[in-house]
Amino acid sequence: YAPGTDLATWAATNGCGGQDTTIEVEVPPLGAFTINGPDTLCAYQEGTFTSALSNASLSSIAWSSGADSSNILFSASASTALYAVATDTNNCTYSDTIELHINPGPQAVFTFTTPSCDSLITFLNVSINATDQQWDLGNGESSTVASPVGHYGSYGNFTIELIAFNACGSDTSSQQLTLGETGTLDLLGPDSMCIGQQVGYSVGLQGPDISTVQWSLSPSDSASAAI
């Protein structure tokens, strides 16, 4: 039946004859239901979503998020389908869906290796979902280079901070860089001798992580000894 009022006739017959019955049938107009809102959000960003039912009167609505009002706020951590089912006062149901794409925020991550002697430190940026970065190298220097090199002219503790950015926001990561003394070596012994004379030499060592001394006896002869 088309929307509006129409007549429906039923006929009943048996061996004794037949009888027709006609009733008036009212067919309600078909409604149209839509939900509206953004199809792209950042992770955990709230978006406003509205619903509209035309050519019918709304009785109830149920969203996939669990909400039951016509307009809602919704956020998600990953891409998902947001849908709603509406029921009108004639108990007719309608549904609509928005495929929602979620853009992740950045995650700041970096690594570095502390050298034993070099005062130049290279920082490797391995951030996730980042488009830009800002470094504080802890020595008064800053940088926007992806993987900068920092110069440290003194010993001490330095706090390195990386801020990673994208269109959805920023994230900060920090690590501690510790630079200490690398040690000193003094060669002890005479600086002259007689032919065939044997003399003794020793080394004076000061500092951490020194375990082996490399001796050079001549331009083509060398030896090493553990301390």
Do you know which two heavy atoms are closest between [X] and [Y], and how far apart they sit?
X    : Y    : result
A67  : I72  : CB-CG2, 3.5 Å
L177 : F112 : CD1-CE1, 3.5 Å
A86  : L58  : CB-CD1, 3.8 Å

Can Q133 and I163 be said to form a side-chain contact (heavy atoms from CB on, under 4.5 Å), step by step?
CA-CA 6 Å; Q133 60 281 317; I163 306 175; over 6 Å; no
Does Y94 reach the main-chain N or O of T87 with its side chain, forming a donor-acceptor pair under 3.5 Å?
no
Is the backbone N or O of V145 less than 3.5 Å from a side-chain atom of W135, with the two atoms forming a donor-acceptor pair by type?
yes
Quick note, side-chain hydrogen bond (donor to acceptor under 3.5 Å, both in side chains) partners involving residues 167-180, not counting sequence neighbours, are N157-T178, T159-Q176
Keeping to residues at least two apart or across chains, list the side-chain hydrogen bond (donor to acceptor under 3.5 Å, both in side chains) pairs with something in residues 31-40.
none
Counting only pairs under 3.5 Å, give me each side-chain donor-acceptor contact of residues 95-106, with atom names and distances, residues two or more places apart or in other chains.
residue	atom	partner	partner atom	Å
D96	OD2	I35	N	2.9
H101	ND1	S79	OG	3.4
H101	NE2	N103	OD1	3.0

Can you list everything that forms a ring-ring contact (aromatic ring centres under 6.0 Å, His included) with F74? Sequence neighbours excluded, please.
none
Hey, could you give me the OG/CG distance between S119 and L179, rounded to the nearest 0.5 Å?
8.5 Å
Rounding to 0.5 Å, atoms CG (L30) and SG (C92) come to a distance of 7.5 Å
Is there a side-chain contact between F110 and I160, using heavy atoms and a 4.5 Å cut-off?
yes
Side chains of L53 and D88: does their closest heavy-atom pair fall under 4.5 Å?
yes
Could you check F33 against I61 for side-chain contact (heavy atoms from CB on, under 4.5 Å), going step by step and ending with a plain yes or no?
CA-CA 11 Å; F33 177 70; I61 185 170; 3.8 Å; yes
For residues 43-51, which side-chain N or O atoms pair as donor and acceptor with protein atoms under 3.5 Å away, sequence neighbours left out?
residue	atom	partner	partner atom	Å
Q45	OE1	C42	N	2.8
S51	OG	S70	O	2.8

Neighbour count >12 (heavy atoms, 6.0 Å) for atom OH, Y83
no
Report the C-alpha separation of L137 and F158 in whole Å, then their side-chain angles, then the decisive distance to 0.1 Å, and conclude whether the side-chain contact (heavy atoms from CB on, under 4.5 Å) test is met.
CA-CA 8 Å; L137 302 182; F158 305 89; over 6 Å; no
Exercise answer: donor-acceptor pairs, residues 123-131 side-chain atoms, under 3.5 Å, sequence neighbours excluded:
residue	atom	partner	partner atom	Å
N125	OD1	S127	N	3.0
N125	OD1	S127	OG	2.7
N125	ND2	A146	O	3.3
S127	OG	V109	N	3.2
S127	OG	V109	O	3.4
T131	OG1	F165	O	3.2

